[in-house]
Undergrad: 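Take a look at the following structure, please.
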Amino acid sequence: MNIEYKRIKAVSILAKSNLYDLDYAYNPYAGCSHGCLYCYARCYTRFRDAVERWGSIVYVKENALELLAREAERVKRGVVGVSTITDPYQPIEEVEKLARRGLELLLRSGFRVSIQTKSPLVLRDLDLFTKWRHSVDVGLTITTVETGLAKLIEPNAPEPAARAKALEKLSDNGVETWLFLGPLMRGVNDDEDNIKTIIEVAQATGSKLYFDYFRMKHCLENPMKQVTKIYPHATDASSRWRANVRRLIEKLCENLGVEFQQSFPHKRESHLDLKQFLN
Ligand code: SF4
């Protein structure tokens with residue numbers, strides 16, 4: 001897939017976050033080349049072309065580090081989410097290193113960082129995570145273990161097995177890890193086999209499990225048609241269905257001894273910080 005990259009100068013970079021476990025968010029990119037169909041970051045992104053061609057246009061905030069150095073000096077120390085509205089380890093990061101250099105700056109300055117990604121590129125920065133192991137946690141998102149389904153709903157993201165392996169390597173190296181299962185969509189990825197396999201990854205890696213359900217938003221009507229064409233109930237998240245899925249997750253987590261927590265709006269929700277778009 002051809003991705004168009006556009007370079008911009010941001011006005012600010014260290015935004016306050018209203019996610020319950022984060023104080024700030026650092027998003028060095030806008031738009032995300034992973035192109036997930038369910039991603040509602042597009043609802044809040046101000047670059048119309050990136051919204052209309054979600055996944056194929058990414059803005060690179062070329063002055064991100066300069067701004068971060070300045071802003072990090074001015075604010076009270078706290079926890080920084082990297083990133084909250086795009087994947088910090090999407091492919092451009094391999095070249096730009098804005099996530100890595102931002103992490104180094106934040107950690108050296110006394111901040112704690114919480115990272116969420118779908119990419120094994122995160123392993124490139126294992127040296128930082130082990131050096132500052134008491135100030136870092138890393139979460140991988142696994143929505144489905146079925147490669148074909150993942151290709152449909154997360155067309156350009158790394159395969160689920162690669163994400164599970166990355167989580168395992170991080171954990172083996174003593175990094176605090178967690179796993180985000182979501183968004184759960186009715187009739188798509190809510191079957192027991194899928195959920196159990198993902199919870200087993202959390203168990204094997206000693207990771208806490210966060211989960212959440214799909215929430216329909218206006219901006220998702222068109223992209224989600226590609227999903228509902230095959231899975232007609234994908235966007236129907238009734239309270240009864242949610243309760244059934246929750247019971248299943250509770251049962252499986254309790255059986256496997258995995259700590260779990262539902263993510264709530266304004267808390268950890270996919271890796272989208274509603275407040276900022278609300279990136
Ligand atoms: S859900 Fe995350 S990985 Fe997928 S397109 Fe949105 S920001 Fe990127």
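Indexing begins at 1, ligand by ligand and atom by atom, following the structure's order. As a basis for the values below, the full set of heavy atoms in this structure was taken, side chains included, without hydrogen atoms, waters or symmetry mates. What you are looking at is a predicted structure, and each value in this text was computed from that prediction instead of being measured.
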Undergrad: Check the side chains of Q90 and S119 for a donor-acceptor pair under 3.5 angstrom, ignoring hydrogens and angles.
TA: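 Their side chains do not contain a donor-acceptor pair, so the 3.5 Å distance test is not met.
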Undergrad: Report yes or no: does a heavy atom of W54 sit under 4.0 Å from some atom of ligand 1?
TA: yes
Undergrad: Using atom types as modelled and distance alone, determine if a side-chain donor or acceptor of Y213 lies under 3.5 Å from a backbone N or O of R242.
TA: yes
Undergrad: What part of A41 sits under 4.0 Å from ligand 1 if we count only heavy atoms: the side chain, the backbone, both or neither?
TA: neither
Undergrad: For ligand 1, which atoms, with element, lie under 4.0 Å from some heavy atom of C39?
TA: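 It comes down to these atoms of ligand 1: 1 (S), 5 (S), 6 (Fe), 7 (S).
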Undergrad: Under 4.0 Å from a heavy atom of C32: which atoms of ligand 1 are those, numbered in the order shown and with their elements?
TA: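 Close to C32: 3 (S), 5 (S), 7 (S), 8 (Fe).
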Undergrad: Hey, which atoms in ligand 1 end up nearer than 4.0 Å to a heavy atom of G35?
TA: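 Here the atoms of ligand 1 in question are 5 (S).
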Undergrad: Centroid-to-centroid, F47 to Y59, below 6.0 Å?
TA: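 Yes, the ring centres sit under 6.0 Å apart.
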Undergrad: For atom 1 (S) of ligand 1, state which one of K118, R42, E154 supplies the nearest heavy atom.
TA: K118
Undergrad: Between the side chains of D49 and K6, is the shortest nitrogen-to-carboxylate-oxygen separation below 4.0 Å, so that they form an ion pair?
TA: yes
Undergrad: Would A157 count as a contact residue for ligand 1, given that I'm defining contact as a non-hydrogen atom of the residue lying under 4.0 Å from a ligand atom?
TA: no
Undergrad: Can you confirm whether the side chains of W241 and D236 place a donor and an acceptor under 3.5 Å from each other?
TA: no
Undergrad: H34 heavy atoms, cut-off 4.0 Å: which ligand 1 atoms fall inside?
TA: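 With H34 as reference, the close atoms of ligand 1 come out as 3 (S).
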Undergrad: Does S109 offer a backbone N or O that forms a donor-acceptor pair with the side chain of R77 under 3.5 Å?
TA: yes
